[in-house]
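Quick note: numbers below take in every heavy atom, side chains included, and nothing from hydrogens, waters or symmetry partners. Counting starts at 1 for both ligands and their atoms, following the listed order. Counting begins at 1 with the first residue of the sequence.
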Amino acid sequence: MKYNENIAACIAEVAEVAGYLWQKGWAERNGGNISYNITPFVDDMLAGCGLLYGPVALPRPFENLSENYFLVTGTGRRMRYVASSPMDNMSIIRILDGGRAYGIVAEKAIVPTSELPSHLSVHSYLAGRGDGYMAVIHTHPIELVAMTHHREFLEKDVLSRLLWSMIPETRAFCPKGVGIVPYRLPGSLALADATIACLDQYDVVLWEKHGALAVGENVVEAFDMIDTLSKSAQIYISGCAMGFIPEGMSDAQMQELKQAFNL
Ligand SMILES: [Zn+2]
């Protein structure tokens, strides 16, 4: 199918990031999922596409997403294959029936991730916020997930403080830090709701003993934030592996950074 320049760029961006998730070891088997709100780029060609699949009822209505379009990775699909053959492993869906259902409009009838209700819940929240955030990524970054197995790190902002203090860039590029969502059943609306509550304050949240979810204006931005936090986690763990707890930057050094970069 011949997509316009903007949609083709969104597809290429999802493929690029899917490749990174696989290379990083964060996307075992079919782990993780990506969705991208491409509504601003929909043209007559896409709007004229009939349904290849559906309508499928959604577990809750998403009124403010009615007639929105999303690129969504497919259920059971592997990120490494999203990278190499994107439109064989994801599809474009349209939200129908006033937000109560979805249908696949392109390019093949690749059924979306089982996490679709969570992704749409987050997109609905982001659309309500209206600040141009269009991308949602969920993945399994090894070191960050490992850190959520330590009770002390689950206290509010303990992990943000620790990760910021490992390297100045993390404070600069993830100024909101990282939120913690207590364990909830994967794919559940309870997990989606707890995530949304956390996104009021953070762009990246860690799901206890499961993974990370990041939102951003685009897929690369969302990926970069998880990647930056992951780098800090690796530095911390490297110190521990060498037999010491890394000292971390001091509060004064972090305050200086905050002022210098207007964070
Ligand atoms: Zn997961």
Side-chain angles (χ1 to χ4, degrees), residues 13-37 58-60 70-83 86 89-91 93 102 110-126 133-150 153-154 159 163 174 178-199 202-216 219-231 233-234:
E13 196 185 328
V14 174
E16 176 189 340
V17 168
Y20 299 152
L21 299 182
W22 166 247
Q23 288 156 19
K24 293 229 161 237
W26 299 352
E28 74 289 347
R29 200 175 183 276
N30 59 328
N33 24 71
I34 301 174
S35 61
Y36 210 163
N37 189 339
L58 290 164
R60 67 160 55 136
F70 296 89
L71 259 179
V72 190
T73 54
T75 185
R77 302 290 167 149
R78 283 135 168 95
M79 283 295 162
R80 58 187 188 266
Y81 302 143
V82 173
N89 293 283
M90 62 179 169
S91 56
I93 64 167
Y102 79 87
I110 309 290
V111 177
T113 166
S114 57
E115 294 275 4
L116 183 66
S118 312
H119 278 253
L120 292 180
S121 297
V122 173
H123 280 293
S124 175
Y125 161 81
L126 295 174
Y133 274 40
M134 307 302 256
V136 179
I137 296 182
H138 163 57
T139 189
H140 302 159
I142 301 163
E143 293 85 357
L144 289 170
V145 175
M147 292 177 103
T148 70
H149 285 262
H150 186 42
F153 290 157
L154 301 179
L159 214 44
L163 296 171
C174 300
V178 61
I180 303 287
V181 175
Y183 184 84
R184 299 277 190 278
L185 185 70
S188 65
L189 290 176
L191 178 59
D193 290 342
T195 301
I196 289 165
C198 224
L199 290 175
Y202 307 98
D203 284 342
V204 183
V205 301
L206 292 181
W207 292 345
E208 179 187 339
K209 304 182 182 88
H210 179 169
L213 180 138
V215 296
V219 174
V220 166
E221 287 289 340
F223 166 79
D224 279 344
M225 279 187 289
I226 303 176
D227 191 32
T228 303
L229 291 163
S230 172
K231 168 60 72 70
Q234 289 173 48

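Although no hydrogens or angles enter the test, the distance criterion places a donor-acceptor pair under 3.5 Å between the side chain of H138 and the main chain of A212. Using a distance-only test at 3.5 Å, with no hydrogens or angles considered, a donor-acceptor pair links the side chain of E13 to the main chain of V220. Under the 3.5 Å distance criterion, the side-chain polar atoms of N33 are left unmatched by any main-chain donor or acceptor of T113.
Among residues two or more places apart in sequence or in another chain, the ring pair (Phe, Tyr, Trp, His ring centres under 6.0 Å) test is passed with H150 by F153. With sequence neighbours left out, Y36 forms a ring pair (Phe, Tyr, Trp, His ring centres under 6.0 Å) with no residue at all.
The stretch residues 202-214 participates, sequence neighbours left out, in these salt bridge (charged side-chain N to carboxylate O under 4.0 Å, His left out) pairs: R151-E208, K176-D203.
The number of protein N, O or S atoms lying under 2.8 Å from the Zn ion (ligand 1) is 3.
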